[in-house]
Amino acid sequence: MDELTILEIQAKMESGELTARQLTEMYLERIHSLNPKINAVIELNPDALEEADALDAKYRRGNVLGPLHGVPVLLKDNIDTHDKMQTTAGSLALAGSIAKQDAFLVERLRAAGVVLLGKTNLSEWANFRSTRSTSGWSSRGGLTRNPYALDRSACGSSSGSAAAVAANFCAAAIGTETDGSIICPSQTNGVVGIKPTLGLVSRSGIIPIAHSQDTAGPMARTVADAAILLGVMAGADPHDPATASAPVGGADYRSSLDPNGLKGARLGVPRKMAGSDERVLAIFEECITLLKQCGAEIVDPVSMPTFDKFARSEMEVLLYEFKADLNAYLSRLGPEVQVHTLEDVIRFNEENAASVMPYFGQERMLAAQKKGPLDEPRYLNALKRNLRLTRAEGLDAALQAHQLDALILPSGGPAWMIDLVNGDSIWDIESTSMPAVAGYPHITVPAGYVFGLPVGLSFIGAAWQESKLIRLAYAFEQAAQVRRPPQFLQTVAL
């Protein structure tokens, strides 16, 4: 039953071969057996089996709620759920915090019949605490490991969500991204990740970093599963003004699952963003050859002169917005929670440094605390610069100049060795920042392996072009058939 897709689950439920309870029990058993190896799941939903039973009863009555009816899904532990599970962003500072209401996307998932299986571990505070952090580590959850090689990073910050999907702990999972936190762990754990256009999925009820870049997105073993999940998650939320810009009429991306979707597509290669790792570039060239064989026209190279011009202004915006947005989120928490401001969090970390900061500090938080309000010219000018360089002079310019359907890049490189002393290593591949800062969609699909470690291929497009990117990514996936499940090796097999 490993590697079941959502479509296969639905078929087995319709035939009577499988129930939501049986499926939930299967995943729970696998989590209990294998999670100690990778530490992807931070908390299980104590009511998961009860929820599955209720959904089975509805199914028997012919009340099928949607394409995710009875499908067990895991959520990153920075997404609010109004149940018995905590929402902590992996921080002991929020231990015991029970959300007063579901995040809007969780409301959407419940309405579609999802079984909320549990919460996944993450890089603490979505990796916005320190300048030398180790991805996948949190003070509440410990360290998430890569299921392909246990001494390798699962990347972050949605480390647990990606590792759990790769390990078949769930049908699919939800991650969040500010810059790379869906794409990097997805590609590093050999799964599909979709970072949608900012505003396609509501940000309400998600512990924030920065409202100008934050978004949730699906992580799954196939493009089809990710597309189905994204369609359920998407929707206008009156409490999130960004969703008002989304296309009217809802989102159902199943019509984009066309195995011939690459025919006639124009794909651009921004070579200077592709990095210098010869092994990764060799996989990339194989992908380009396959894309051509599938009918795509490749424009190579494509100039992207602004790709490395906004790092400083991006960080400026993130620091300003982190303080403002986190303070707003924490202020709404009840008296049972110890922290209600960023200043409180900083103080908590200092007072509990032995358990909260044993490996790295809180330099990002300290820098954010020094920032002023969001009407300061320094913030407004940095935000304006970001959008100009990544949109008008960046992605929009490149896509329009060559009449491209998408840009393609290696998503990243093979997972690096876990190093709690020095923190994360960094690739020289620039796949994530441009679409993250622009707020544009980005999909990664498994593309190959370096010594058994996954490497992904990225499809990056213009705003609200998820349907097009899903069509391209699905056609590539069907032609490539790259993904293979992890073996939980202690180290890379050389």
Side-chain angles (χ1 to χ4, degrees), residues 125-128 131 157 176-184 195-201 203 206 208-217 240-246 268 270 272-273 302-328 342 363-365 367-401 406-407 409 411 426-442 458 460-466:
W125 296 107
N127 219 6
F128 206 76
T131 56
S157 63
T176 66
E177 173 163 326
T178 306
D179 186 339
S181 287
I182 289 173
I183 299 302
C184 181
K195 185 209 81 74
T197 304
L198 187 78
L200 185 67
V201 176
R203 301 163 297 180
I206 300 174
I209 291 179
H211 61 266
S212 66
Q213 293 181 210
D214 288 351
T215 183
D240 184 353
T243 63
S245 301
K272 290 187 178 180
M273 299 169 66
V302 168
S303 176
M304 189 72 72
T306 63
F307 82 91
D308 58 353
K309 307 298 184 187
F310 55 87
R312 187 172 297 179
S313 55
E314 178 189 7
M315 182 53 61
E316 191 74 11
V317 168
L318 297 185
L319 292 170
Y320 268 96
E321 292 187 3
F322 182 68
K323 179 181 181 181
D325 295 350
L326 186 62
N327 280 340
L342 173 58
E363 300 86 7
R364 294 267 189 255
M365 289 185 161
Q369 180 60 23
K370 295 177 181 178
K371 297 300 180 183
L374 297 185
D375 59 359
E376 287 191 352
R378 185 168 181 173
Y379 162 73
L380 295 172
N381 290 336
L383 180 61
K384 184 177 179 181
R385 174 183 172 84
N386 285 349
L387 298 181
R388 173 174 58 82
L389 293 176
T390 61
R391 292 181 181 178
E393 297 177 15
L395 291 171
D396 290 335
L399 292 166
Q400 291 166 12
L407 298 171
L409 281 168
S411 303
I426 299 174
W427 305 307
D428 63 353
I429 299 166
E430 298 286 347
S431 70
T432 66
S433 291
M434 183 75 79
V437 175
Y440 285 6
H442 183 176
S458 283
I460 299 166
W464 314 114
Q465 295 300 305
E466 279 78 6

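Here the side chains of R203 and D325 are not in contact, with every heavy-atom distance at 4.5 Å or above. A 4.5 Å side-chain heavy-atom check between L407 and L399 finds at least one atom pair inside the cut-off. With a 4.5 Å cut-off on side-chain heavy atoms, L342 and F322 count as touching. No side-chain heavy atom of M434 sits under 4.5 Å from any side-chain heavy atom of H442. Using a 4.5 Å cut-off on side-chain heavy atoms (C-beta onward), K371 and E316 make contact.
With rounding to the nearest 0.5 angstrom, the CE atom of M273 is 8.0 Å from the OG atom of S433. We find the CH2-SG distance between W427 and C184 to be 3.5 Å, quoted to the nearest 0.5 Å. Distance CG/N327 to CD/Q369: 7.0 Å, rounded to 0.5 Å. Here K309 contributes atom NZ and R385 contributes atom CZ; the two are 9.0 Å apart, rounded to the nearest 0.5 Å. Summarising the geometry, atom OG1 belonging to T243 is positioned 9.5 Å from atom CG belonging to L200; distances are rounded to the nearest 0.5 Å. Rounding to the nearest 0.5 Å places CG of L326 at 10.5 Å from CZ of F128.
Minimum interatomic distance between A438 and L395 (heavy atoms only, all atoms of both residues): CB-CD1, 4.1 Å. Between L383 and V317, the shortest heavy-atom contact is N-CG2, 3.5 Å. Closest non-hydrogen pair, D179 versus Q213, comes out as CB-NE2, 4.2 Å. Across all non-hydrogen atoms, the minimal contact from F307 to K272 is CZ-O, 3.6 Å. Taking every heavy atom of both residues into account, L409 and I460 meet most closely at CD1-CD1, 4.2 Å. The two residues T197 and W464 have their closest heavy-atom pair at OG1-N, 2.9 Å.
In this structure, E177 contributes its side chain and I183 its backbone to a donor-acceptor pair below 3.5 Å. Side-chain N or O atoms of E393 include none that pairs as donor or acceptor with a backbone N or O of R388 at under 3.5 Å.
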Test side chain to side chain contact (heavy atoms under 4.5 Å, CB included) applied to K370 and K323, step by step: CA-CA 9 Å; K370 295 177 181 178; K323 179 181 181 181; over 6 Å; no
Step-by-step side chain to side chain contact (heavy atoms under 4.5 Å, CB included) determination, E321 to I209: CA-CA 7 Å; E321 292 187 3; I209 291 179; over 6 Å; no
T178 vs L318, side chain to side chain contact (heavy atoms under 4.5 Å, CB included): CA-CA, chis, key distance, verdict: CA-CA 9 Å; T178 306; L318 297 185; 3.8 Å; yes
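Side-chain atoms of Y440 and Q465 form no donor-acceptor pair, as typed in the model, at a separation below 3.5 Å.
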